[in-house]
Student: 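One structure is given below, represented as structure tokens, and several questions about it will come after.
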Amino acid sequence: MTTIPALDALRALHRDGGLARHFDRVAPLLAALDRADLARAARLLSRTDLAEARAHHPGLPAVTVALTGAGTLDALRTALVAELARHGFLPEVRLTDYGSYVFELGDADSSSHTEPADVTVCVLDHTTVFDEVPLPFTAEDVADALRRKLALWRALATGFTARASGTLVLNTLPLPKNQQAQLLDLPSRAKLGAEWRRANAELLGLSYAQQTPGLVVLDVDPLLGDPLELADPRFDAYAGAHLSDAFLASYARELGHLVRAVTGRAKKVLAVDLDETLWGGVLGDDGVEGIEVAHGRRGEAFHRFQGVVRQLQSQGVLLAAVTKNDRETVLAALRDHPDLRVREEDFVRVLAGWQPKPDSLRTLAAGLNLGGDSVVFADDNPAECAAVTAELPETTVVPLDGDPALHVTRLLADGWFTATAVTSEDRVRTRRYREEAARADFLSAAGSALEFLAGLGVTVRLAPATAAQIPRLAQLTLRTNQFNLTTERLSAEEVRARATGPGTGVLALTSGDRFGDNGVVGAVFLRAEGRVLHLDNMLLSCRVFARGIEQACLAAVLERARAAGYAEVRGRYRPTAKNAKVAGLYPHHGFDPLPRDGDGQEEPGAAEFAHRLDRLPEVPGHLVLDAAEDLVPAADEPAAPADATTLTT
């Protein structure tokens with residue numbers, strides 16, 4: 001696939017001094033580049049004034065990443081700027097002094113503490129160990145050095161994450177061949193390999209066992225599967241660049257996926273074509289029995305791809321079929337073919353017909369109440385891919401043209417669905433959305449919206465978050481964009497701290513109806529300050545919009561606040577590109593706007609509102625509310641309790 005036109009367009013913008021002014025055009029151009037041309041584009045971006053770009057485009061999502069480590073990391077910074085821009089971010093990537101990682105992570109006066117970043121990356125390499133190994137050395141000497149370094153890294157990570165906000169990233173240690181080759185006997189080499197792997201396993205355990213909240217350990221072993229050298233001996237010796245530019249470019253690619261996950265920009269939907277994508281052949285010509293699914297060389301390649309698609313779906317990715325085929329024939333194949341690894345019930349939607357695929361994808365996103373930027377579209381047909389790219393630039397397109405044995409690699413190459421955690425809610429997401437489709441059918445049969453709501457039988461439970469709900473609530477802060485009043489992204493540890501801290505509280509909102517249990521669909525973040533209760537944020541899943549649930553929650557919180565002696569409840573709205581639909585939520589339910597400070601520091605469009613707890617909203621009559629008594633934290637200076645009204649349930 002040629003990528004020269006996109007690279008030429010970037011060069012033209014750079015020559016005209018327009019990369020900063022037109023940074024909103026950069027992401028789709030970068031997305032069209034292969035790795036070689038992306039490296040060339042990265043060098044262009046490294047000469048772009050990104051501060052000027054942020055001034056021109058305040059609406060683009062900004063992210064700050066700090067890089068530190070034991071070696072020279074300029075190549076990582078250059079590559080990471082391009083990777084983040086490719087994912088739609090307006091990046092700021094800061095590089096600390098050479099070899100300063102112990103100071104940066106361990107000293108409270110370092111820039112990594114005084115100028116906190118969204119993500120802080122500490123790049124570990126083999127020299128941090130071998131620089132402390134005697135000469136000559138044995139495998140036992142290396143094992144001793146590894147134990148000392150692990151203790152240091154664990155202490156640095158624990159201290160840093162306790163003091164600093166954001167996410168800390170470490171990585172496993174790659175073992176260069178030249179180090180192992182200096183041990184001549186095979187048993188010593190084996191022992192060195194075992195000790196090195198043990199240390200890496202211990203590092204990974206800090207992440208997956210959640211021994212250090214706020215820490216992610218990136219496993220770099222898979223990166224070495226690419227045809228690249230870990231280090232260039234000349235740059236290693238003369239410039240202190242212990243890791244090669246090619247390796248650091250792959251590292252930056254993984255960081256791009258990680259940053260997207262921790263900032264709530266992971267994709268949610270995988271829309272796949274069927275013919276020559278999910279199976280071989282053309283269903284309309286070959287029939288259900290004639291498509292290539294599991295047998296023969298091509299059939300086995302498609303079978304593997306189906307397995308990967310099913311694996312993604314099982315962890316919360318919404319799977320949809322978008323195909324130009326007869327719908328009944330498609331459903332017959334999904335139901336009846338004995339060798340398919342994905343079935344009709346695995347798909348949240350099956351859009352089969354003869355309309356243009358951009359139209360089908362618009363229908364898909366609207367039906368799921370999601371934006372087009374939540375969708376990844378995979379198709380083998382270059383013309384269809386080009387049409388979607390042209391008409392839906394916000395949708396990610398994965399071309400699968402050519403050999404089906406490469407489908408898996410191409411789909412997984414960019415980690416579009418990488419998540420900070422997979423919760424029990426994720427594993428049943430498809431079923432929940434299929435239940436939502438049944439609700440939509442019920443709505444279409446109802447005579448009116450009121451009749452629909454009355455017959456739906458909505459139940460709502462609002463209560464302080466339990467420990468088991470914390471990961472799901474953190475995920476909601478990352479993934480919810482439309483009904484999210486401030487779009488503050490929080491880690492599980494940050495949610496836990498607010499749920500258990502003095503003067504703060506986190507409420508979990510669960511709902512259900514006649515079609516099933518929706519699970520945890522919303523959250524409310526509270527903070528007491530004297531006689532004022534602050535609604536720091538309120539968010540609700542798009543699956544349960546327009547059912548009066550938000551009104552029921554506000555009614556419960558306001559009533560409990562009045563009963564607890566608060567004088568008023570305040571809430572803040574911070575506008576984003578996607579949450580305009582909730583801009584009027586507080587005024588609609590009796591909150592009055594507060595005057596702006598007038599110091600010029602307010603974010604454009606942001607507003608704060610106050611409810612004086614006089615006339616409270618009512619719980620909608622079509623739903624049943626179960627609100628816990630201990631919804632709000634105790635007031636620091638309670639006012640005399642007003643006459644409390646009983647919640648309508």
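These numbers were taken from a predicted model, which means no experiment stands behind them.
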Student: So, Lys267 versus Thr396: side-chain donor-acceptor pair below 3.5 Å or not?
Tutor: yes

Student: Would you sort out whether Glu92 and Arg94 count as a salt bridge (charged side-chain N to carboxylate O under 4.0 Å, His left out), showing the intermediate values?
Tutor: CA-CA 6 Å; Glu92 177 185 352; Arg94 302 197 297 255; 3.6 Å; yes

Student: Is the backbone of Thr500 close enough, under 3.5 Å, to the side chain of Thr504 for a donor and an acceptor to pair up by distance?
Tutor: no

Student: With a 4.0 Å cut-off on N to O distance, would you call Lys578 and Asp373 a salt bridge?
Tutor: yes

Student: Heavy atoms, side chains only, cut-off 4.5 Å: are Arg572 and Glu488 in contact?
Tutor: no

Student: Step by step, work out the side chain to side chain donor-acceptor pair (under 3.5 Å) result for Glu140 and Thr138.
Tutor: CA-CA 5 Å; Glu140 288 77 9; Thr138 66; 3.3 Å; yes

Student: Report yes or no: do Arg163 and His113 form a side-chain donor-acceptor pair below 3.5 Å?
Tutor: yes

Student: With rounding to the nearest 0.5 angstrom, report the OG1 to CZ distance, Thr395 to Phe377.
Tutor: 9.5 Å

Student: May I ask you to check whether over 12 heavy atoms, not counting those of Arg47, lie within 6.0 Å of atom CZ?
Tutor: yes

Student: Check the side chains of Asn537 and Asn484 for a donor-acceptor pair under 3.5 angstrom, ignoring hydrogens and angles.
Tutor: yes

Student: Would Glu195 and Lys191 pass as an ion pair if we require N to O under 4.0 Å?
Tutor: yes

Student: Return yes if some donor-acceptor pair links the side-chain N/O of Thr96 with the main-chain N/O of Leu67 below 3.5 Å, else return no.
Tutor: yes

Student: Heavy atoms, side chains only, cut-off 4.5 Å: are Thr120 and Val169 in contact?
Tutor: no

Student: Taking everything shown except Arg197 itself, do over 12 heavy atoms lie less than 6.0 Å from its CZ?
Tutor: no

Student: Just by modelled atom types, is the Arg260 backbone N or O under 3.5 Å from a matching donor or acceptor in the Arg265 side chain?
Tutor: no

Student: Apply side-chain contact (heavy atoms from CB on, under 4.5 Å) to residues Leu490 and Phe525 and explain how you reach the verdict.
Tutor: CA-CA 11 Å; Leu490 300 174; Phe525 292 86; 3.7 Å; yes

Student: Are Arg54 and His57 close enough that some pair of their side-chain heavy atoms sits under 4.5 Å apart?
Tutor: no

Student: Does CZ in Arg189 sit with more than 12 non-hydrogen atoms of other residues, nucleotides or ligands closer than 6.0 Å?
Tutor: yes

Student: Measure the spacing between CG of Leu80 and CD of Glu254 and express it to the nearest 0.5 Å.
Tutor: 12.0 Å

Student: Let's go through Arg489 and Asp118 carefully: what are the C-alpha distance in whole Å and the side-chain angles of both, what is the deciding distance for salt bridge (charged side-chain N to carboxylate O under 4.0 Å, His left out) to 0.1 Å, and is it a yes or a no?
Tutor: CA-CA 10 Å; Arg489 311 300 190 184; Asp118 298 303; over 6 Å; no

Student: Please examine the side chains of Thr263 and Phe89, heavy atoms only from C-beta on, and report whether any two atoms are closer than 4.5 Å.
Tutor: yes

Student: Backbone N or O of Asp37 within a donor-acceptor pair of the Asp34 side chain at under 3.5 Å?
Tutor: yes

Student: Whether the side chain of Asp414 engages the backbone of Trp416 through a donor-acceptor N/O pair (distance < 3.5 Å, no angle test) should be reported.
Tutor: no

Student: Looking only at atom types and distance, does a side-chain atom of Thr477 sit under 3.5 Å from a main-chain N or O of Ala474, one as donor and one as acceptor?
Tutor: yes

Student: Regarding Thr72 and Asp74, is there a side-chain donor-to-acceptor distance under 3.5 Å anywhere?
Tutor: no

Student: Establish, from distance only, whether the side-chain atoms of Gln469 and Arg472 form a donor-acceptor pair under 3.5 Å.
Tutor: no

Student: Check whether the side chains of Ser112 and Glu104 place a donor and an acceptor atom closer than 3.5 Å, and report yes or no.
Tutor: yes

Student: If you take all heavy atoms of Leu124 and Pro174, which pair is closest and at what distance?
Tutor: O-CD, 4.5 Å

Student: Can Leu146 and Leu173 be said to form a side-chain contact (heavy atoms from CB on, under 4.5 Å), step by step?
Tutor: CA-CA 10 Å; Leu146 282 168; Leu173 295 169; 4.0 Å; yes

Student: With a 4.5 Å limit on heavy-atom distance, are the side chains of Leu370 and Val375 in contact?
Tutor: no

Student: When you look at Thr420 and Ser491, which way does the side-chain contact (heavy atoms from CB on, under 4.5 Å) test go after all the steps?
Tutor: CA-CA 9 Å; Thr420 55; Ser491 67; over 6 Å; no

Student: Donor-acceptor pair, distance only, cut-off 3.5 Å: does the side chain of Thr389 make one with the backbone of Cys385?
Tutor: yes

Student: Measure across Asn171 and Leu203 and return the closest heavy-atom pair with its distance rounded to 0.1 Å.
Tutor: O-CD1, 3.7 Å

Student: Take Leu485 and Leu539 through the test side-chain contact (heavy atoms from CB on, under 4.5 Å) and record every step on the way to the result.
Tutor: CA-CA 7 Å; Leu485 286 157; Leu539 44 90; over 6 Å; no

Student: Answer yes when Glu52 and Arg21 have at least one side-chain N-carboxylate O distance shorter than 4.0 Å, and no when they do not.
Tutor: no

Student: So does Glu493 pair up with Arg498, basic N to acidic O under 4.0 Å?
Tutor: no

Student: Ile470 and Ala492: which non-hydrogen atoms are nearest, and at how many Å?
Tutor: CG2-O, 3.3 Å

Student: So does Thr576 get a backbone contact from the side chain of Asn579, meaning a donor-acceptor N/O pair under 3.5 Å?
Tutor: yes

Student: With ring centroids as reference points, do Trp196 and Phe130 lie under 6.0 angstrom apart?
Tutor: yes

Student: Just wondering, do Leu411 and Val408 contact through their side chains at under 4.5 Å, heavy atoms?
Tutor: no

Student: Between the side chain of Asp379 and the main-chain N/O of Leu400, is any donor-acceptor distance below 3.5 Å?
Tutor: no

Student: Taking the six-membered ring of Phe305, is the NZ or CZ of Arg310 close enough (under 6.0 Å from the centre) and on axis enough (within 45°)?
Tutor: no

Student: As a quick check of understanding, evaluate salt bridge (charged side-chain N to carboxylate O under 4.0 Å, His left out) for Arg429 and Glu425, giving each step before the final call.
Tutor: CA-CA 6 Å; Arg429 179 170 285 120; Glu425 293 282 334; over 6 Å; no

Student: So Leu156 and Leu170, do their side chains get closer than 4.5 Å, heavy atoms only?
Tutor: no

Student: Nearest heavy-atom pair of Ala85 and Leu30: which atoms, and what distance?
Tutor: CB-CD1, 3.6 Å

Student: For Leu44, does its backbone N or O pair with a side-chain atom of Arg11 as donor and acceptor, under 3.5 Å?
Tutor: no

Student: Assess the side chains of Ser188 and Asp185: does a donor N or O sit below 3.5 Å from an acceptor N or O?
Tutor: yes

Student: How close do Leu33 and Ala6 get, heavy atom to heavy atom, and via which atoms?
Tutor: CD2-CB, 3.7 Å

Student: Taking the side chain as C-beta and beyond, is there a heavy-atom pair between Leu255 and Val121 under 4.5 Å?
Tutor: yes

Student: Any idea which heavy atoms bring Ala157 and Leu215 closest together, and the distance?
Tutor: CB-CD2, 4.2 Å

Student: Do we see a donor-acceptor contact under 3.5 Å between the side chains of Gln475 and Asp426?
Tutor: yes

